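Note that the coordinates shown come from a computational prediction; the quantities given were computed from them, not determined experimentally.
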Amino acid sequence: MLHEVKLTRVIMNTQGKLDAKTKQSLSDIANILRIDSIRSTEAAGSGHPTSCCSVAEIMSTLFFNVMRYKVDQPRDASNDRFVLSKGHAAPILYAAWAEAGLFPKEKLLNLRKMDDDLEGHPTPRLNFVDVATGSLGQGLSCAAGMAYTGKYFDKAEWNTYIVDGHDVEALCKAFYDASTVKGQPTCILAKTYKGKGCPGIEDLENLHGKPLGGQSDAALKAINDKVVNKGPHGLKPQRPSIQVPPNDISNIKLSEPPSYQIGQQLPIREAYGAAIVKIGKNNSHVVVLDADTKTSTFAHKFRETFPDRFIECFIAEQNLVGVGIGCGTRNRTVPFISTFAAFFTRAFDQIRMSAISQTNANFVGSHPGISIGVDGPSQMALEDLAMFRSIPGSTVFYPSDAVSCERAVELAANTSGVCFIRSSRPNIPVIYENSESFQIGKAKVVRKSDNDNVTVIGCGVTLVEAMKAADELAGNGINIRIIDPFTVKPIDAGTIITNAKATGGKILTVEDHYLWGGLGDAVCSAVSEQKNITVKKLAVQEVPRSGQCAELLQRYGISSCCIVKTVEQMLSHSRGCDQMQTIVQFSQLYTNKHYLFLITMTQKELSISKFNQHLLTYWDSILLQPDYKKIWHMCNLNKNTIDLKQNKIKNL
C-alpha cells in the first residue's frame, strides 16, 4: 500500500490498541470477504479461494481502517494506492471494493465471465486497478514507481515490522507505527496461512487455484459463524485529507528545435540525450529511468539537468521496467526508460504486462545490432524490433539520424501505450534539415529518380549503407529508390506500395537485426495483399561475433557491397524473366504447328532446363521446319544454351 499523503488515521487509543468495536468489525469484514471470495470462485468454477482467505485480515485492515481513498473516484490522484502483486487473489480484491460500495455484491458472481471485467487476474479495465499483476513478482517494482511519483520513496534504510497477518489489531498497529516513521520507507511482513478459516483446508498443499467444490458449504458455515455483527458494520473508507493538484502531460514539445548540420556525424543515442533534456524543460512531469548505462544511453544528460527526476535502477532491468510502469500510472508522469536494447529481453515479461496494464511508457534501447562492433553478440540487440512489434498497441520508432531521433522522442512523449525507440551506437550522418517534420506511420523517400529499378528500405546504419550502394550503382547506370520508414510499427504501407510499383514491384529491405520479425517482416506484411510485388530481405541470419563495424556489416550481408550485389542479382533475374516471357509469347504464334517449348531461368544465365514432352517427341521434325530453322539460326539455339536476341525475334 502506497500513499501520497501522511498516514494518520488508524483508529487506536493512546496505548496503541484498537477499540473493541473496531477490532471486531475488521475481523467480521475479513470473514465476509472470505465468504464472498469462496462464493464467487464457486460460481466461476475456478479461481484461488485459498489464496484469498490468506489475506482477508490484511484487506479489511487496509481498505476499512488504513487507506484513504474516494470510493466513487478510484483513480483520483489524491487516493492511496493498492497493488495486489499476487494477482490470482483477485476475487478478494473485487470483494473489498464491493464491500466498500463501488458496485453491488451480486456482480461478484460474474467472476471470470467473458462479458465482465472481473477477470481471473486484475487488469486496468477496472477503474480501481492501476497495473495488471497476473505475472507474479512484479507488484513491488510497480509500487515503487508509484511511491516515487508520490515523492515518498528514497534510498534510506528500510524500517521493517513482522506481524501476524491474521491479527487485525497487530496489523493496525504496524500501519500506525509506520505512519510515525520519518525519512525511510517501511516494509511490513505479514505471516499468513493459505485457506485461513476453512476447516480441513487451511494451510494444506495441493489446493492452489481450485474452487472448494464439495467443501465449500462447510467452509462458508464455519466462516459465517465467526461473524459477530452480520448487519452493517459501519466502517467506511476515509477520504483523502489533501487534494493532489491536476497535472498536464499533453502536447509535450521540445523546448527548442534540433540544431544540427547536414552531414554532421554523431550517434543517434546522443540525440536522445539532448531530446529528453528539451522535453524535460517544457514539462516537469517527464521522468527518466536507467539501468546503470546512463553514460552509454546518454540519459546522464537528463540526470545532470534534472537530478530529482532521474531514477537510477542499476543492473536490474526487470525492476527498471516495473518502476517505470508504476511511474506512468494515472497519467502522473511521462516515463522514458533506457538501457542497452539487448537487455530489455530480460524484462520482456514486464513489457508485455505493461500492455495489459494499459501503461503509457517509453522504452529506449541503445547499442542495437552488429554495428556496435567489438563488444560481441551478448551486447548486440538483434531481436528487439521483433519483441516490441509483438506488443499489442505498441509504436516502434527507428530513427535514422539525430533530427529524426529528437522528433521521435517528442512524438513518443505524446503517444499512448508502449513506445520503443531504437537508438544506434555508431556515428551516423545527419540527413534531414532541422525543420523537417515527422509523423508516426509516415515514411520518408530520401532518394528518388524517374527511372529507379528497385526500392531499398533501410534504417539507421543500413540506410547509410543503402545511400553508399546507390552511389556505386548509379555509376553503373542503375538507379535505386531509398525509403526511411521512421516507424517500423506502424509501417507506412501506402508509401512503400506506391514506390514499389514505380520500381517494377521490386523491394529490398536491409536491417541490422535478425531476419525474423524485424523491418523485413514488417514490409512483407504491408505488401502481402499486393500483386506483382516481391520482397528480398537482407538481415543477420546467424549468431554474430566480435569485430569492427564495417567488417561485421560485410560478413553478415548488410553492407553497401552486399546491397549492390543483391540489386544486380534482382535485376538480372528480372531481365531473364522478361526474356523467357518473350519466347513464350513468340512460341504461342506457332501453336497451329504444334511447336511449343517451355524455358526456365537461372539467376545468372538463360538456359534450357526442361522441354515440353511434345517438343522432345517432335525434335527432329521441328528442325526440318523452315521457320524454326530460321529462328534457330537467329537465336543461336542448341540443346545447352540460348543466346536470345529479342530485337531480331520481334522482327520475325
| task | For the residue pair V403 and E433, establish whether any side-chain heavy-atom pair is separated by less than 4.5 Å. | result | no
| message | If the threshold is 4.0 Å, N to carboxylate O, is there a salt bridge linking D452 and R447? | response | no
| In terms of side-chain heavy atoms, does Q318 have a donor or acceptor partner in D349 at a distance below 3.5 Å? | no
| side-chain contact (heavy atoms from CB on, under 4.5 Å) partner of I507, chosen from V527, T534, I497, I483 | V527
| message | Testing K278, K253, R269 one by one against E406 for a salt bridge (charged side-chain N to carboxylate O under 4.0 Å, His left out), which residue passes? | response | K278
| task | Indicate the ring-plane relationship of F343 and F340, choosing parallel, tilted or perpendicular according to the 30° and 60° boundaries. | result | parallel
| query | Any side-chain donor-acceptor pair under 3.5 Å between S394 and K489? | reply | yes
| said: Could you check whether E119 pairs with R112 (Lys NZ or Arg NE/NH1/NH2 to Asp/Glu carboxylate O, under 4.0 Å)? | reply: no
| Just by distance, with hydrogens left out, do D484 and Y432 show a side-chain donor and acceptor under 3.5 Å apart? | yes
| request: Kindly confirm or rule out a cation-pi arrangement of K444 over F486, judged by NZ or CZ under 6.0 Å from the six-membered ring centre and within 45° of its axis? | output: no
| What's the shortest heavy-atom distance between P122 and L93, and which atoms? | CB-CD2, 4.2 Å
| message | As a quick check of understanding, evaluate side-chain hydrogen bond (donor to acceptor under 3.5 Å, both in side chains) for T455 and N499, giving each step before the final call. | response | CA-CA 7 Å; T455 294; N499 287 276; 5.6 Å; no
| said: Looking only at side-chain N and O atoms, does D290 offer a donor or acceptor that is under 3.5 Å from a partner on S338? | reply: yes
| Can the ring centres of F82 and Y69 be said to be less than 6.0 Å apart? | no
| query | Does S141 offer a backbone N or O that forms a donor-acceptor pair with the side chain of N319 under 3.5 Å? | reply | no
| query | Would you say the ring centroid of F302 lies under 6.0 angstrom from that of H300? | reply | no
| query | What is the ring orientation for F344 with F363, classed by angle as parallel under 30°, tilted 30 to 60°, or perpendicular over 60°? | reply | perpendicular
| Can D512 and S371 be said to form a side-chain hydrogen bond (donor to acceptor under 3.5 Å, both in side chains), step by step? | CA-CA 7 Å; D512 192 3; S371 58; 2.8 Å; yes
